[in-house]
Novice: 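Okay, here's the structure, questions in a sec.
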Protein chains: 2
Amino acid sequence: MAARDPGSDKTKRHTINDVARLAGVSKKTVSRVINESPFVKEETRKAVLEIMRETGYVPDPQARGLAFRRSFLVGLIYDNPNPQHTISHQQGLLDAMAGSGFELVVRPVDRNSPRLLADMRDFVERQKLFAVVLPSPVSEDEKLAALLRELDVPYVRIGSVALDEPDRMLVSHDGRGAAQAARHLADLGHTRIALISGPPTFRSSIERKKGFEEGLAEAGLTLSPDLAKIGAYTYESGVNAALELFALEARPTAIFCLNDEMATGVYTAAREAGLRIPEDVSVVGYDDAPIAVRLWPPMTSVRLPLRDMGRMAGEMLVPNALREKRADAHEVQPQLVVRGSTGKVG
Amino acid sequence: MAARDPGSDKTKRHTINDVARLAGVSKKTVSRVINESPFVKEETRKAVLEIMRETGYVPDPQARGLAFRRSFLVGLIYDNPNPQHTISHQQGLLDAMAGSGFELVVRPVDRNSPRLLADMRDFVERQKLFAVVLPSPVSEDEKLAALLRELDVPYVRIGSVALDEPDRMLVSHDGRGAAQAARHLADLGHTRIALISGPPTFRSSIERKKGFEEGLAEAGLTLSPDLAKIGAYTYESGVNAALELFALEARPTAIFCLNDEMATGVYTAAREAGLRIPEDVSVVGYDDAPIAVRLWPPMTSVRLPLRDMGRMAGEMLVPNALREKRADAHEVQPQLVVRGSTGKVG
DNA sequence: CTGAAAGCGCTTACAG
DNA sequence: CTGAAAGCGCTTACAG
């Protein structure tokens, strides 16, 4: 290392000027090396890279961002009542971004706020975000997606069904998982199968319900209107909906809930109603949350690879992201996990 | 709005130069207004603020950061196996930061990695972080704290006990919550009380255990060595530890677990052992996680105000943070929540 | 393939 | 109380 380094306070990081001087080239050439320009002689590139290594030089993202008119920040904009979803997506995104030089900035929002679009415009413009990830249900907001296109910010929407061009969409095919649940229950001989869905303001609920009905149809069954309840994706709403179902003269022998929170509510309701799971009623959830295996009996549920989804979204947006050895299909498949909460009818 | 604005592409944001020109002052004066310098004539300030309002001008954080040699990013560095902790802290931090102009950058780490310090130095220096929040157990790393002091980055450590100067510490007094649990069980007449603690590498486990033993002592009880098990803060370790306790000749009549995950494992073990909660064994957890009220019977547990803790840490670090009307004591108190999993002995 | 000049949008000294 | 100059650490045209 050069001893004549002037600003070597130890505390001060090296700049592009230091590297240029030590390598005996212009800062522009160093800049070309940083940005992997092909117009640098191999010899020059190596010399510059060597100096960068020796000095531990790392380009300043703020200065780069200012000149580029674009930051190295990826935004995660979420409004999911389920913390497990957010944290899993976040973790996956960070998996993909690790070592890429990009950072993740998180922003919870209220998707029903009248100020949502104005806030998002301000956020994206002010931070000059490099890209944005929109998990559901924020991903379902067409106006938000339109805004991001207008602002020319790359984004990926994570959703239950294709809502956008393939490059901007990571699809989880929620309906297919629900169809698996329907087939599973039909295979066990159930015919009086109830459904507790989520709010219709969640596309996931709509898609899961649709998939469930398709699965039933395959088995020659239909969803009876009196067995179709609408919950709020919350534990309490699951309890209440199940109590209503259990009060029916012709009780269902199986209940499919469009998320695990509500399915957990069914466990509580069954206990109150004096019904055994699965002997008296089979229960299937959706999410395969940690609680599924902590309940008794362990709950059959549909698993969504949330962390993978976050990682894949990150890989779609971030250059130099760590990539798994997998095809770059922009989709994942839900998977039914059969446990003790479902059994043969009667 | 001035019609003669040259760069009004609509798509382009206004800069400090636009504001200066429109207000008929130098950009330096605009800068003073932005930074709330007292050396600006009230009249001038008002005129500048008015132009800023009209044009919707917002200073560019990257440019400001470059000139300031400091970004407007707050880092959240975490390594907590419990996602609920992270998401709650994160949410609280964001509550405090909302509208402050600062953004939250999240960084999961492996606190046992030999590269931790080097990675953190790089992270903090490269991003020129404005401040850093360290939840436990990362907060317990003295070398990391020393590094941050060396780098001159403000930080707040969130931990079970005071580990640093008051201005750098948010204390949750975990031991006090454990003492409440001990008193509660003693009040119910229990004397053979077991403890399932977490790994001693977690300060929270040490403090909770200590508080628990102090609480027992107050009631004239002591923790019998054969009733003291060490778990891993995981569900499975709770199951195993409880099975060992249940196999004892002199079974405990109550078990206190240092987190809810392990306490949930006790429920499972009790079922396997054919023991009823609370008739045969009382159970107390720690965290008051969502699962506490979804189990049957609902679990008595010690609650920690995680979101508040995140918010308070944010308030300690971020200027202009939204502040609750509360004293700025840098501490919170755990609170025992009594439910159906604890009952009188015998 | 390489570089000198100008600029990204701000703030820090320094003057007055 | 206010401003002209220089600079933060990079990149974009523009030359050669």
Side-chain angles (χ1 to χ4, degrees), chain A residues 5-7 9 11-49 51-52 55-73 101 125-128 130, chain B residues 5-7 9 11-49 51-52 55-73 101 125-128 130:
Chain A
D5 188 336
D9 303 358
T11 61
K12 189 152 162 78
R13 284 176 85 96
H14 296 274
T15 73
I16 197 172
N17 289 307
D18 300 327
V19 176
R21 187 170 30 75
L22 293 170
V25 299
S26 75
K27 59 202 265 196
K28 176 59 212 171
T29 293
V30 178
S31 173
R32 285 198 182 89
V33 172
I34 293 171
N35 294 293
E36 301 182 338
S37 158
F39 305 115
V40 181
K41 208 197 302 177
E42 190 51 31
E43 194 184 316
T44 312
R45 171 193 310 284
K46 278 191 179 157
V48 171
L49 284 174
I51 297 292
M52 289 183 9
T55 56
Y57 169 75
V58 180
D60 181 323
Q62 297 208 73
R64 234 148 80 90
L66 184 59
F68 266 141
R69 293 154 190 77
R70 197 178 190 190
S71 78
F72 293 87
L73 302 175
E125 281 195 326
R126 191 197 305 215
Q127 300 298 331
K128 302 207 200 77
F130 184 84
Chain B
D5 189 335
D9 304 359
T11 61
K12 189 152 163 81
R13 283 177 85 98
H14 297 273
T15 73
I16 197 172
N17 289 307
D18 300 326
V19 175
R21 185 169 32 72
L22 293 171
V25 299
S26 75
K27 60 202 265 194
K28 176 59 211 171
T29 293
V30 177
S31 173
R32 286 198 180 88
V33 172
I34 293 171
N35 293 294
E36 302 181 337
S37 158
F39 305 115
V40 181
K41 207 198 302 175
E42 189 50 31
E43 193 184 317
T44 313
R45 171 193 307 285
K46 277 192 181 160
V48 171
L49 285 174
I51 297 291
M52 290 182 11
T55 56
Y57 169 74
V58 180
D60 182 322
Q62 297 208 75
R64 234 148 80 91
L66 183 59
F68 266 141
R69 293 155 189 77
R70 196 176 192 193
S71 77
F72 293 87
L73 302 175
E125 281 195 327
R126 191 196 305 214
Q127 300 299 328
K128 301 205 200 78
F130 183 86

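Each chain gets a letter, A, B and so on, in the order the sequences are listed, and its residues count up from 1.
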Novice: Measure the distance from CZ on A:R70 to C1' on D:dG9 and round it to the nearest whole Å.
Specialist: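 For the pair A:R70 CZ and D:dG9 C1', the rounded distance is 20 Å.
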Novice: Heavy-atom distance under 4.5 Å between the side chains of B:V19 and B:V33, does that happen here?
Specialist: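 Not touching, per the 4.5 Å side-chain cut-off.
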Novice: Holding to side chain to side chain donor-acceptor pair (under 3.5 Å), I want the full list of residues that pass it with B:K27, two or more places apart in sequence or in another chain.
Specialist: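 If we apply the side chain to side chain donor-acceptor pair (under 3.5 Å) test to B:K27, skipping adjacent residues, there are no hits.
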Novice: Can you list the residues that meet the ring pair (Phe, Tyr, Trp, His ring centres under 6.0 Å) rule with A:Y57, with sequence neighbours excluded?
Specialist: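 Counting only residues at least two positions away or on another chain, A:Y57 forms no ring pair (Phe, Tyr, Trp, His ring centres under 6.0 Å).
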Novice: Under the rule for side-chain contact (heavy atoms from CB on, under 4.5 Å), what residues qualify as partners of A:A47, not counting sequence neighbours?
Specialist: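 Partners of A:A47 under the side-chain contact (heavy atoms from CB on, under 4.5 Å) test: none.
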Novice: Among residues at least two apart in sequence or on other chains, which ones pass side-chain contact (heavy atoms from CB on, under 4.5 Å) with B:A23?
Specialist: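 B:A23 satisfies side-chain contact (heavy atoms from CB on, under 4.5 Å) with B:V25, B:V48, B:I51 once adjacent residues are dropped.
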Novice: Kindly write out the residues that satisfy side chain to side chain donor-acceptor pair (under 3.5 Å) with B:R32, not counting sequence neighbours, or none if the list is empty.
Specialist: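 For B:R32, no residue satisfies side chain to side chain donor-acceptor pair (under 3.5 Å) once neighbours in sequence are set aside.
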Novice: Side-chain N or O of A:T29 less than 4.0 angstrom from OP1 or OP2 on C:dG3?
Specialist: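 Answer is yes, contact under 4.0 Å.
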Novice: Could you list by number each residue of residues 40-49 of chain A showing a heavy-atom separation from DNA chain D of less than 4.0 Å, or answer none if no residue does?
Specialist: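 Within residues 40-49 of chain A, no residue comes under 4.0 Å of DNA chain D.
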Novice: If we only count heavy atoms from C-beta on, is the A:T29 to A:T44 side-chain gap below 4.5 Å?
Specialist: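 With C-beta onward as the side chain, the pair touches.
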Novice: Please tell me which of the listed nucleotides, D:dC1, C:dG3, C:dC1, lies nearest to the side chain of A:V25?
Specialist: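 Nearest nucleotide to the side chain: C:dG3.
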Novice: Please, what dot-bracket string fits DNA chain D when only Watson-Crick and G-U pairs with both distances under 3.5 Å count, crossing ones use [ ] and pairs to another strand use |?
Specialist: |||.||||||||.|||
Novice: Suppose we screen for side-chain contact (heavy atoms from CB on, under 4.5 Å). Which residues come up paired with B:K46, at least two apart in sequence or across chains?
Specialist: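 B:E42.
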Novice: Report the residues that fulfil side-chain contact (heavy atoms from CB on, under 4.5 Å) with A:R70, sequence neighbours left out, ordered by chain and then residue number.
Specialist: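 By the side-chain contact (heavy atoms from CB on, under 4.5 Å) rule, A:R70 matches A:F68, A:F130, A:P154.
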Novice: Could you list the residues that satisfy side chain to side chain donor-acceptor pair (under 3.5 Å) with B:R64, not counting sequence neighbours?
Specialist: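 B:R64 satisfies side chain to side chain donor-acceptor pair (under 3.5 Å) with B:N35 once adjacent residues are dropped.
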Novice: Go along nucleotides 10-16 of chain C 5' to 3' and tag each nucleotide: B for a protein heavy atom under 4.0 Å from its base, S when only backbone or sugar atoms are that close, - otherwise.
Specialist: BBB----
